[in-house]
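Every number for a ligand or one of its atoms is a count from 1 in the order of the listing. Quick note: numbers below take in every heavy atom, side chains included, and nothing from hydrogens, waters or symmetry partners.
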Amino acid sequence: MADNYLEKRMEQYRSNSATASSPKSKDGLAVLLTRNRSTRGYDASYLVRIDQLRRIVGVNNKLASARNRQVLRFRPVTADEAHKVLPFIRMGAGLKELHLPIQGTEPNAFIVVCSTIEPRNSTFVDLGISAQSMLLQAVEMGLNGLCIMDFDGSSLVEALQLPYKPLLVVAIGKSAETVRLVDIKENDDHSYYRKDGVHYVPKVVVEDLMIK
Ligand SMILES: Cc1cc2nc3c(=O)[nH]c(=O)nc-3n(C[C@H](O)[C@H](O)[C@H](O)COP(=O)(O)O)c2cc1C
């Protein structure tokens, strides 16, 4: 890149890794990734604005895309239309007894991601890259989100008058939850759980993610 960004980052990275406890590695991507937890309870007094949703969708013209086709399209939904989405999404299937979202903590903003073509494998790879990038942008803005694939697609098409098939709904809002990651081994239980008001998400330790 013309501004030598990558060279500068590489120099920083080298000087950080030369020191035992690389303090700079504590900010940046690792923090965004850790804060980017699936959120199913939101602060109802915080209404996400359309310009915030536009900024989040805005990451999509900087992303990799299979054959650079860029077939994804995005429908922002703010509080005035949230009632058109909420009845058709399902959250927290792993904690059915809680009937999430808890009343009064429903998300009030969404980005409905659609495809202009009948989705193929590469469309879903594009979708994953897009969803994670949008969520990281949201976290950088002090917001959180949730990928929702458990939704009633034809009802959403009708309610929002969508010209394309929806593949994913991303909820966006100000989190009202405390979420923590927990290290597990690959054969341990992967189910997320709640205890004393904290939502715990088990994650397989890196050592067990490596193919030996
Ligand atoms: C493709 C995809 C679809 C998902 N669909 C739903 C969903 O329909 N409802 C829901 O509550 N969570 C959904 N989730 C959130 C996952 O349950 C969540 O990522 C998982 O519990 C791990 O938590 P974490 O995102 O905080 O790491 C989905 C996540 C992904 C990546």
Just to confirm my output: which protein heavy-atom neighbour is closest to [atom], and how far is it?
{"atom": "atom 21 (O) of ligand 1", "answer": "Tyr192 CD2, 3.2 Å"}
{"atom": "atom 1 (C) of ligand 1", "answer": "Met149 SD, 3.9 Å"}
{"atom": "atom 23 (O) of ligand 1", "answer": "Val201 CG1, 3.4 Å"}

Tell me if a side-chain donor or acceptor on [X] pairs with a main-chain N or O of [Y] at a distance below 3.5 Å.
{"X": "Ser130", "Y": "Asp126", "result": "no"}
{"X": "Glu106", "Y": "Gly104", "result": "yes"}
{"X": "Asp208", "Y": "Val205", "result": "no"}
{"X": "Asn108", "Y": "Gly173", "result": "no"}
{"X": "Ser65", "Y": "Gln70", "result": "yes"}
{"X": "Glu177", "Y": "Gly41", "result": "yes"}

Heavy-atom distances under 4.0 Å are what count here, so tell me which part of Asn36 touches ligand 1: side chain, backbone, both or neither.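 The answer is neither; Asn36 stays 4.0 Å or more away.
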Proximity of Ile148 to ligand 1 by residue part, where a heavy atom lies under 4.0 Å: both
Taking the side chain as C-beta and beyond, is there a heavy-atom pair between Tyr42 and Lys174 under 4.5 Å? no
Has ligand 1 got any nitrogen or oxygen that is less than 3.5 angstrom from a nitrogen or oxygen of [X]?
{"X": "Asp150", "answer": "yes"}
{"X": "Leu181", "answer": "no"}
{"X": "Lys203", "answer": "yes"}

If you measure from atom 12 (N) of ligand 1 to every heavy atom of Arg90, Arg40, Met91, which option wins on shortest distance?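 The option holding the nearest heavy atom is Arg40.
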Option whose closest heavy atom lies nearest to atom 30 (C) of ligand 1, chosen from Cys147, Ala131, Ser38: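 That would be Cys147.
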For [X], the ligand 1 atoms whose distance to one of its heavy atoms is below 4.0 Å:
{"X": "Arg37", "value": "24 (P), 26 (O), 27 (O)"}
{"X": "Leu146", "value": "11 (O), 12 (N), 15 (C)"}
{"X": "Gly92", "value": "10 (C), 11 (O)"}

Would you call Arg75-Glu81 a salt bridge at under 4.0 Å N-O? yes
Would Arg40 pass as a cation-pi partner of Tyr192, given that its NZ or CZ must be under 6.0 Å from the six-membered ring centre and within 45 degrees of the axis?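 Yes, cation above the ring, under 6.0 Å and within 45°.
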Whether His199 lies under 4.0 Å from ligand 1, heavy atom: no
